[in-house]
Visitor: 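I have a structure here, written as structure tokens, and I will follow up with some questions on it.
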Amino acid sequence: MLSHPVLGPLFGRLRQDLERAVDARSLEEIRIAYLGRKGKVTAVLQGIKDLPSEERRATGRLANLLKDGLEAELASRLERVREAELEESLRRERLDISLPGRRVPYGTRHLLSSIIEEIEDIFIGLGYRVAEGPEVELDYYNFEALNTPDWHPSKSLQDTFYVEVPGSDRRDVLLRTHTSPVQIRVMESTPPPVYIIAPGKAYRHDVPDATHSPMFHQVEGLAVDEGLSLGDLKGTLVTFAKRMFGEDREVRFRPHFFPFTEPSAEVDVSCNMCGGAGCRVCKGTGWLEILGAGMVDPNVFAYVGYDAERWSGFAFGMGVERIALLKYGVPDIRYFFDNDLRLLMQY
Ligand code: DAH
């Protein structure tokens, strides 16, 4: 074949082409170039009939030999290439199922949210429902209707964030300084009897330190019914304190003053850190102050149109951060808002 004037050079080129063919596509290109309808070998076979008769036999035999040989070579090469490609893709896509999986980090409920929920659950169990009110409030709801006179120190610019309303010269818009305005909003919109608690954020113009934050959380409570007395207030808060801090806690009421309650009290539980003996958390007193409370002042009923002759009620308010500090011994209120996962993931 090598000495054949046409097939010889053709065979030489074919060998070079085959050497360079490394994948299925280049093998197919060779098949088309040599054996296709217009292929080089096909052309030789088609030209045989025009050859002088003495050349036909030898050329035809050689050309058919070349055609058959090339077909067989391409088929076996194609098979090898496919096998190699399959092996390569199996290698590339191999899964090592013995590798430990990657953990997706997931969040936890914030300690303050958990405590609010715990407080809600206790009061829902006592027949209360949860109410809400706006954080941007009016002076009327935050102070006036809560019987707080204009001269009261909590109204001062030092204590309260007042809000400028664009395009208006109103001076009575503020960030609520406590959750007590929710009491007024609930009573305005609902006839008695009322049993609600109102958790939420409150704001005061305080410099942040271990026990102060300009934004903090409170849970407000209000009960209005026929014949409610100081005894009901005490029973409710003792029940709450024991469920929250432990059945063996003692509770005491100290006389206090709030403009919207009369009489008013501050409520302490015995220190859960030292059991009442006196320690750093309770500053040696054995008692922790947890909330303010009192019987709703008849003046407040007058603002919302409740008949103070028929209805009486009690109210209370507690700081959520303070309860968290006391219950879990967290030493600094700022930890709650630093978003440090080392603290947050513990609860
Ligand atoms: N609003 C009071 C405060 O922020 C807490 C408080 C005291 C709420 C007595 C009450 C209450 O409902 O009766 O300090």
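Order of listing sets the numbers, starting from 1, for every ligand and every atom in it.
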Visitor: Looking only at heavy atoms, which two atoms of Val251 and Ala241 are closest? And how far apart?
Guide: CG2-CB, 3.6 Å

Visitor: If we count only N and O atoms by modelled type, under 3.5 Å, do the side chains of Arg249 and Ser270 hold a donor and an acceptor together?
Guide: yes

Visitor: Give me the nearest non-hydrogen protein atom to atom 12 (O) of ligand 1 as residue plus atom name, then the distance to 0.1 Å.
Guide: Glu220 OE2, 2.6 Å

Visitor: From the options Gln183, Arg176, Arg204, select the one whose nearest heavy atom is closest to atom 3 (C) of ligand 1.
Guide: Arg204

Visitor: List every atom of ligand 1 that sits less than 4.0 Å from any heavy atom of Gly294, numbering the atoms from 1 in the order shown and giving each element.
Guide: 13 (O)

Visitor: Any atoms of ligand 1 less than 4.0 Å from a non-hydrogen atom of Phe258? List them with their elements.
Guide: 7 (C), 9 (C)

Visitor: So is Gln218 in contact with ligand 1, going by heavy-atom distances below 4.0 Å?
Guide: yes

Visitor: Between Tyr162 and Asp139, does any side-chain donor sit less than 3.5 Å from a side-chain acceptor?
Guide: no

Visitor: So, does Phe314 sit close enough to ligand 1 that a heavy atom of it is under 4.0 Å from the ligand?
Guide: no

Visitor: Side chains of Thr59 and His4: any donor to acceptor distance under 3.5 Å?
Guide: yes

Visitor: If you look only at pairs with a residue in residues 212-231, which of them pass as a ring pair (Phe, Tyr, Trp, His ring centres under 6.0 Å), with sequence neighbours excluded?
Guide: none

Visitor: Please report whether ligand 1 has a polar contact with Phe260, defined as an N or O pair separated by less than 3.5 Å (distance criterion only).
Guide: no

Visitor: Suppose we screen for side chain to side chain donor-acceptor pair (under 3.5 Å). Which residues come up paired with Gln46, at least two apart in sequence or across chains?
Guide: none

Visitor: Heavy-atom contacts with Ser180 under 4.0 Å: which atoms of ligand 1 show up? List them by number with element.
Guide: 1 (N), 8 (C)

Visitor: Heavy-atom pairs closer than 4.0 Å: do any link ligand 1 to the side chain of Phe316, the backbone, both, or neither?
Guide: backbone

Visitor: Assess the side chains of Tyr141 and Glu188: does a donor N or O sit below 3.5 Å from an acceptor N or O?
Guide: yes

